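Every heavy atom of this structure was used, including side-chain atoms; hydrogens, water molecules and symmetry mates were not. Keep in mind the model is a prediction, meaning the values are calculated, not measured.
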Amino acid sequence: MHVIEANGARIPLLGLGTWELSGRVCTRVVEQALRLGYRHIDTAQIYENEREVGEALRASGVKRDQVFITTKIWPSHFAPGEFERSARERLVRLRLHTLDLLLLHWPNPQIPLSETIPALCRAKRDGIARHIGVSNFTVPMLVEATVLASEPLVCNQIEVHPFLDQTKIIEATRQHGMAVVAYSPIARGNAKNDPVLTRIGRTHGKSAAQVCLRYLVQQDVAVIPRTSKLQRLAENAAIFDFVLTPEEMMEIAGLARPDGRIVDMVGGPKWD
């Protein structure tokens with residue numbers, strides 16, 4: 001299994017995102033992913049599918065200690081006291097004794113990090129999670145969070161794909177010893193329409209989406225592509241049997257553009 005090590009955590013480079021997966025579809029996709037060899041599953045409180053993820057894990061027959069489970073707490077639950085209740089609820093819904101990684105899903109401007117980060121660290125000390133981290137944090141937020149943290153933060157989960165230049169936040173994340181985990185790594189399907197990725201893919205006998213994922217993992221960026229199609233699971237996993245050349249990596253890097261972001265970081269989510 002290909003992993004990235006960060007502040008004591010060993011995070012599988014390939015994972016399965018579960019945003020917008022629900023019900024039997026979620027259970028079936030996650031179970032099949034585990035049977036195919038995926039060992040990193042990403043869910044979240046706001047996805048409302050943690051029960052299904054837990055069911056899929058048990059149905060797969062894969063041993064618990066072989067799977068890296070990540071979930072995230074939504075910002076409307078960051079208030080003192082409520083954070084711990086929400087963190088423990090994640091265990092109940094997943095039917096797990098401990099999480100592998102617990103993240104703050106987004107920063108909440110209404111609640112200072114001086115309250116949220118200590119609460120996150122307590123969750124680790126209390127055994128709720130083996131590792132903790134953040135998601136959608138900017139460079140200044142990372143600096144503040146690492147100063148406030150009494151436990152190591154192991155990752156920053158952010159939007160990363162070839163069409164968006166995230167160089168600054170990736171460098172800042174790594175300067176703190178943290179891993180970068182990329183959501184929307186194939187730009188929610190837009191990669192398949194790109195002529196550069198398609199052309200490079202033909203050279204290697206791969207799809208544009210596979211080239212897109214390979215571009216990231218070759219830079220030690222973990223990826224959690226989401227799919228509801230079982231046939232896509234195997235395709236997304238077949239990214240470790242080829243290597244992009246330096247010239248190809250440079251050409252793909254040139255695809256980044258100012259308007260390449262998919263998720264609105266300025267407006268952000270609504271907290272209630």
Side-chain angles (χ1 to χ4, degrees), residues 1-6 10-17 19-20 33 36-40 42 135-139 142 155-229 231-266:
M1 181 173 60
H2 302 268
V3 302
I4 181 170
E5 298 187 10
R10 289 172 52 83
I11 305 173
L13 272 174
L14 173 67
L16 174 69
W19 177 66
E20 288 191 330
L36 284 172
Y38 282 72
R39 291 298 180 264
H40 177 183
D42 181 90
S135 181
N136 297 304
F137 269 41
T138 62
V139 173
L142 277 182
C155 89
N156 187 17
Q157 187 182 120
I158 55 175
E159 178 183 347
V160 189
H161 49 73
F163 310 112
L164 177 64
D165 183 4
Q166 291 282 54
T167 303
K168 290 184 179 179
I169 187 62
I170 289 174
E171 288 179 353
T173 299
R174 288 174 170 165
Q175 284 174 1
H176 295 292
M178 300 164 64
V180 176
V181 178
Y183 66 75
S184 299
I186 54 177
R188 294 188 183 169
N190 291 335
K192 66 181 180 182
N193 301 317
D194 185 81
V196 172
L197 297 175
T198 299
R199 172 172 47 78
I200 293 174
R202 281 198 297 267
T203 301
H204 297 277
K206 296 291 183 177
S207 69
Q210 288 172 313
V211 171
C212 193
L213 294 173
R214 178 66 206 181
Y215 171 72
L216 297 179
V217 300
Q218 197 162 311
Q219 300 176 74
D220 283 331
V221 173
V223 295
I224 48 171
R226 176 197 64 87
T227 182
S228 60
K229 300 176 180 178
Q231 64 269 29
R232 293 286 186 211
L233 291 172
E235 177 184 328
N236 289 345
I239 57 174
F240 296 105
D241 58 353
F242 73 109
V243 177
L244 297 171
T245 67
E247 294 76 18
E248 290 169 336
M249 292 289 286
M250 187 174 299
E251 187 175 8
I252 295 170
L255 297 174
R257 55 182 187 266
D259 62 345
R261 188 179 297 281
I262 293 173
V263 177
D264 181 12
M265 286 286 287
V266 178

Calculate, to the nearest 0.5 Å, the distance between atoms [atom1] and [atom2] belonging to [X] and [Y] respectively.
{"X": "R261", "Y": "D259", "atom1": "CZ", "atom2": "CG", "result": "11.5 Å"}
{"X": "I262", "Y": "L164", "atom1": "CD1", "atom2": "CG", "result": "8.5 Å"}
{"X": "I252", "Y": "C212", "atom1": "CD1", "atom2": "SG", "result": "8.0 Å"}
{"X": "L197", "Y": "N190", "atom1": "CG", "atom2": "CG", "result": "11.0 Å"}

Using the side chain to side chain donor-acceptor pair (under 3.5 Å) criterion, which residues pair with [X]? Sequence neighbours excluded.
{"X": "H2", "result": "none"}
{"X": "R174", "result": "none"}
{"X": "H161", "result": "E159"}
{"X": "D42", "result": "K72, Q157"}

### Task
Write out all pairs satisfying salt bridge (Lys or Arg N to Asp or Glu O under 4.0 Å) with one or both partners inside residues 241-250, taking only residues at least two apart or from two chains.
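Non-adjacent pairs meeting salt bridge (Lys or Arg N to Asp or Glu O under 4.0 Å): K206-D241.
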### Message
Applying salt bridge (Lys or Arg N to Asp or Glu O under 4.0 Å) as the test, list every pair that has at least one member in residues 189-204; sequence neighbours left out.
### Response
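The answer is R199-E251.
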Looking only at heavy atoms, which two atoms of [X] and [Y] are closest? And how far apart?
{"X": "P12", "Y": "A222", "result": "O-CB, 3.9 Å"}
{"X": "I200", "Y": "L244", "result": "CG2-CD2, 3.8 Å"}
{"X": "A182", "Y": "V221", "result": "CB-CG1, 3.7 Å"}
{"X": "A209", "Y": "I186", "result": "O-CG2, 3.7 Å"}
{"X": "V211", "Y": "G201", "result": "CG2-CA, 3.4 Å"}
{"X": "G15", "Y": "P225", "result": "O-CD, 3.3 Å"}

Using a 4.5 Å cut-off on heavy atoms from C-beta on, say whether the side chain of [Y] contacts that of [X].
{"X": "F240", "Y": "L13", "result": "yes"}
{"X": "V139", "Y": "T173", "result": "no"}
{"X": "N136", "Y": "Y183", "result": "yes"}
{"X": "M178", "Y": "L142", "result": "yes"}

### Query
What pairs with R10 under salt bridge (charged side-chain N to carboxylate O under 4.0 Å, His left out), at least two apart in sequence or on another chain?
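Partners of R10 under the salt bridge (charged side-chain N to carboxylate O under 4.0 Å, His left out) test: E5.
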### Message
Just to verify, what does E235 make a salt bridge (charged side-chain N to carboxylate O under 4.0 Å, His left out) with, not counting sequence neighbours?
### Response
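Testing E235 for salt bridge (charged side-chain N to carboxylate O under 4.0 Å, His left out), a comparison that skips the adjacent residues, returns R232.
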Without swapping roles, check the side chain of [X] against the backbone of [Y] for a donor-acceptor pair under 3.5 Å.
{"X": "Q210", "Y": "S207", "result": "yes"}
{"X": "N236", "Y": "L233", "result": "no"}
{"X": "N156", "Y": "V180", "result": "no"}

### Task
Please report the C-alpha distance between L14 and V217 in whole Å, then the side-chain angles of each, then the deciding distance to 0.1 Å, and finally whether the side-chain contact (heavy atoms from CB on, under 4.5 Å) criterion is met.
CA-CA 8 Å; L14 173 67; V217 300; 5.8 Å; no
### Message
Suppose the criterion is side-chain hydrogen bond (donor to acceptor under 3.5 Å, both in side chains): which pairs have a residue in residues 215-227, not counting sequence neighbours?
### Response
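As it turns out, the side-chain hydrogen bond (donor to acceptor under 3.5 Å, both in side chains) pairs with a partner in residues 215-227, which skip direct neighbours, are R214-Q218.
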### Task
Check step by step if side-chain contact (heavy atoms from CB on, under 4.5 Å) holds for Q166 and I158.
CA-CA 9 Å; Q166 291 282 54; I158 55 175; 4.2 Å; yes
### Task
Please step through side-chain contact (heavy atoms from CB on, under 4.5 Å) for the pair F242 and T203, ending with a clear verdict.
CA-CA 11 Å; F242 73 109; T203 301; over 6 Å; no
### Message
Going by the rule side chain to side chain contact (heavy atoms under 4.5 Å, CB included), which residues pair with A179 if we only count those two or more places apart in sequence or in a different chain?
### Response
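Partners of A179 by the side chain to side chain contact (heavy atoms under 4.5 Å, CB included) criterion, ordered by chain and then number, come out as I4, A6, I11, C155.
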